[in-house]
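Working notes for the structure below.
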Amino acid sequence: MFVKQNKSHKGILLTYTIGYRENGKVKHKNIETIGYLDDLKKIYDDPIAHFKSLAKEKNNDEINEITIKNINSALIDSNYSSKNLGYIFLKKIYEELGLKKYFNSKQKNLKITYDLNQIFSLLVFSRILYPGSKKETFEGRSNFFETFENFELEDVYRSLDYFNSYKEDIETLLWDSTKDAYNRDTSHTYYDCTNYYFEINYNDEDLVDEEGNILKKNYRKRGPEKNHRPDPIIEMGLLMDSNDIPLAYDLFPGNESEKLSLRPIHTRTKSKFNLGRTIVVADRGLNTSDNIFYLAGKNDKENLDGYIYGQSVRGADREFKEWILNQEGYVNEPIYKDDGKPEMFRQMIFNKEGRFTGYEKRQEFFKHKSRIYPKEITIKRDGKRKVKVRTDQKQMVYFSQKYADKQKRDRDQMIERAKDIIANPKKYDKITAKGAKSYINNIKFVKDTGEIAEGLDLSLKLDKIAEEEKYDGYYSIVTSELKMNDYELRKKYRGLSRIEDTFKITKTDLESRPIYVWTKEHIESHFLTCFVALVILRLLEQKTNKKYSIAEMIESMKKFVSTPLDHDINIQTYIDTILLDFQNIFNIDLSKKYLTISKINKIFKNF
């Protein structure tokens, strides 16, 4: 577009004019009348210079209809690659959190040539949209519309040493920048642990001094793993607020017990964030005497924290089991959803012979009872001496037919395998017999081979099966909150499933395992980028009022790309309701099919 001077009997008329080709010939078309030069001189000192400047701006921002008409999509250069635009929403939150300012501030005091913020933001955005190793992330940095440049792969690894030392600062920064903006609620906090594996076949050695004292614990150690992988693992403990937004995390070696992990992260987070009273919700694996006493003491002071723990039913003491099985005091009430509709489940149906015949849809009921019980616990003092303490505890037990069906179904599968092991012991070894072997009397394995030893009188543990059947469907929750009603207690505890969903996001959507870095510092930096990515996704979820799943949001952002066409013009061929909602939330307009590169650049820089 340019300013054309058109001569007429009234004088010189200025117009905005475009040039284009048609059948090989250059043609002009006036698209907007500006005015007569003599009239414009009364307003502007130099009208031609003024409107030439405006024309230049319009060239950067506008695509005229003639240009679009002459663009032939078949002529897209195959050397052009599409660039992701979807990360602009992640970048918006990233900068709102103050991360860019933080890294730029740190950079001033360092004698390094590479940009810490560029590398960290690349690692975070790639972890969400294109998860992979650090090498794959570096090689895929051109996936994004903006350039991530002036650093090499070696610089990515060097930067991890810095990021590791910033963990505490960044956790605090994320809290300070979101506690008010997102109305974060820590009256209840959720804590759980999970593990991540490494594809190596050895444990890390700890660093010890000459006397054998541990100077530095390394992470990669073999330990209990849900899928029974033999690989070394690392444990993560994650603390989350009531809004499902992560607060803090800790890492510890794979061979250490999760039972000891709650107290350090809880103490550190409360002190660092200056939190008030919180009720920690955790599963039965964290339900220990020390953890009970640490949070609530004797439960006789109002200013202490509280707890809600799952309680093992089959592993409970005799008095507790008798109380559960005693049907006196149970209340059986139908369960309804928030919209008032009945909560339904598929109940297993059996014939008179006890054979499973199918499922029947039925309403779920909340059969429950509770009591205040003076529980006696034994705690450790000074790491050695054991002290008995009595603390008041509310204990609630409820029965779920859905849960009963699941327990029976799972056990029946193990029993069928146990029967096959008894009939064909040579088909199995210690690994393939796992789970089912607990239902078999006299089973033993050859130490060297793992095979089932010969000459054994194998039989089903019928007493064990009968004992387990008694407690099918019963679940217990215990709490320091003596006045909390059973419905509220059940609701708060069920919120723990959201932290399990969070772990699933890290492992599935963010593909945080297997882990390819190996030094302790680099492992910690890897999880720091995963943590920040997770926080950003949860905040994005909050902004949409949890309208979409994390997986849906990631998929939409991945599809939102821009492809070069011609004349500084890019084409955007994908849009959906999620992206339109994002654009409304952040007041960003990238919805047009055709945009100039200059216009896109302006949008990215205009935060």
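Computed from a predicted model, the values in this text were never measured in an experiment.
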Would you find a donor on one side and an acceptor on the other, under 3.5 Å apart, between the side chain of [X] and the backbone of [Y]?
X	Y	result
Lys369	Trp323	yes
Asp429	Ile431	yes
Glu235	Leu251	no
Glu139	Glu136	no
Asn143	Gly140	yes

Using 30° and 60° as the class boundaries, would you call the ring planes of [X] and [Y] parallel, tilted or perpendicular?
X	Y	result
Tyr487	His368	perpendicular
Phe148	Tyr87	tilted
Tyr166	Tyr102	perpendicular

Do [X] and [Y] have side-chain heavy atoms sitting under 4.5 Å apart?
X	Y	answer
Ile170	Leu174	yes
Thr113	Phe151	no
Glu552	Ile578	yes

Tell me if the centroids of the rings in [X] and [Y] come within less than 6.0 Å of each other.
X	Y	value
Phe144	Tyr130	yes
Phe103	Tyr162	no
Phe366	Tyr398	yes
Tyr249	Phe527	no
Tyr294	His266	yes

Non-hydrogen atoms of [X] and [Y] that approach each other most closely:
X	Y	value
Leu129	Ile554	CD2-O, 4.0 Å
Ser289	Thr378	CB-O, 3.2 Å
Tyr191	Gly237	OH-CA, 3.4 Å
Phe531	Glu171	CE2-CG, 4.1 Å
Ser242	Arg498	O-NH2, 3.5 Å

Around [X], counting heavy atoms of other residues, nucleotides and ligands shown, do more than 12 lie under 6.0 Å from its [atom1]?
X	atom1	result
Arg494	CZ	no
Lys491	NZ	no
Lys430	NZ	no
Lys272	NZ	yes
Leu110	CG	yes
Lys100	NZ	no
Lys298	NZ	no
Asp338	CG	no

Compute whether any side-chain donor of one residue and acceptor of the other, for [X] and [Y], lie under 3.5 angstrom apart.
X	Y	result
His526	Lys134	yes
Tyr439	Glu468	yes
His188	Asp241	no
Tyr94	Asn117	yes
Thr172	Asp169	no
Arg127	Thr529	no
Thr502	Arg538	yes
Asn303	Arg277	no
Tyr307	Gln393	yes

Answer yes when [X] and [Y] have at least one side-chain N-carboxylate O distance shorter than 4.0 Å, and no when they do not.
X	Y	answer
Glu319	Arg371	yes
Glu152	Arg158	no
Lys504	Glu500	no
Lys259	Asp290	no
Arg490	Asp486	no
Glu467	Lys470	yes
Lys492	Glu481	no
Asp472	Lys406	no

Show your working on salt bridge (charged side-chain N to carboxylate O under 4.0 Å, His left out) between Lys483 and Glu488 and close with a plain yes or no.
CA-CA 10 Å; Lys483 296 180 181 179; Glu488 184 70 8; over 6 Å; no
To the nearest 0.5 Å, what is the distance between [atom1] on [X] and [atom2] on [Y]?
X	Y	atom1	atom2	result
Leu97	Ile536	CG	CD1	6.0 Å
Met484	Tyr493	CE	OH	14.0 Å
Ile550	Leu537	CD1	CG	5.0 Å
Leu90	Ile128	CG	CD1	4.5 Å
Leu539	Lys92	CG	NZ	14.0 Å

Could you point out which residue of Thr189, Asp305, Thr278 forms a side chain to side chain donor-acceptor pair (under 3.5 Å) with Lys270?
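Testing Lys270 for a side chain to side chain donor-acceptor pair (under 3.5 Å) against Thr189, Asp305, Thr278 leaves exactly one candidate, Asp305.
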Answer yes or no for Arg184 and Tyr182: cation-pi contact, defined as NZ/CZ to six-membered ring centre under 6.0 Å and angle to ring axis within 45°.
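Because its charged atom misses either the 6.0 Å distance or the 45° angle limit, Arg184 does not stack over Tyr182.
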So, using side-chain contact (heavy atoms from CB on, under 4.5 Å) as the criterion, who are the partners of Asn164 when residues are at least two apart?
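Residues passing side-chain contact (heavy atoms from CB on, under 4.5 Å) with Asn164: Glu521, Glu524, Ser525.
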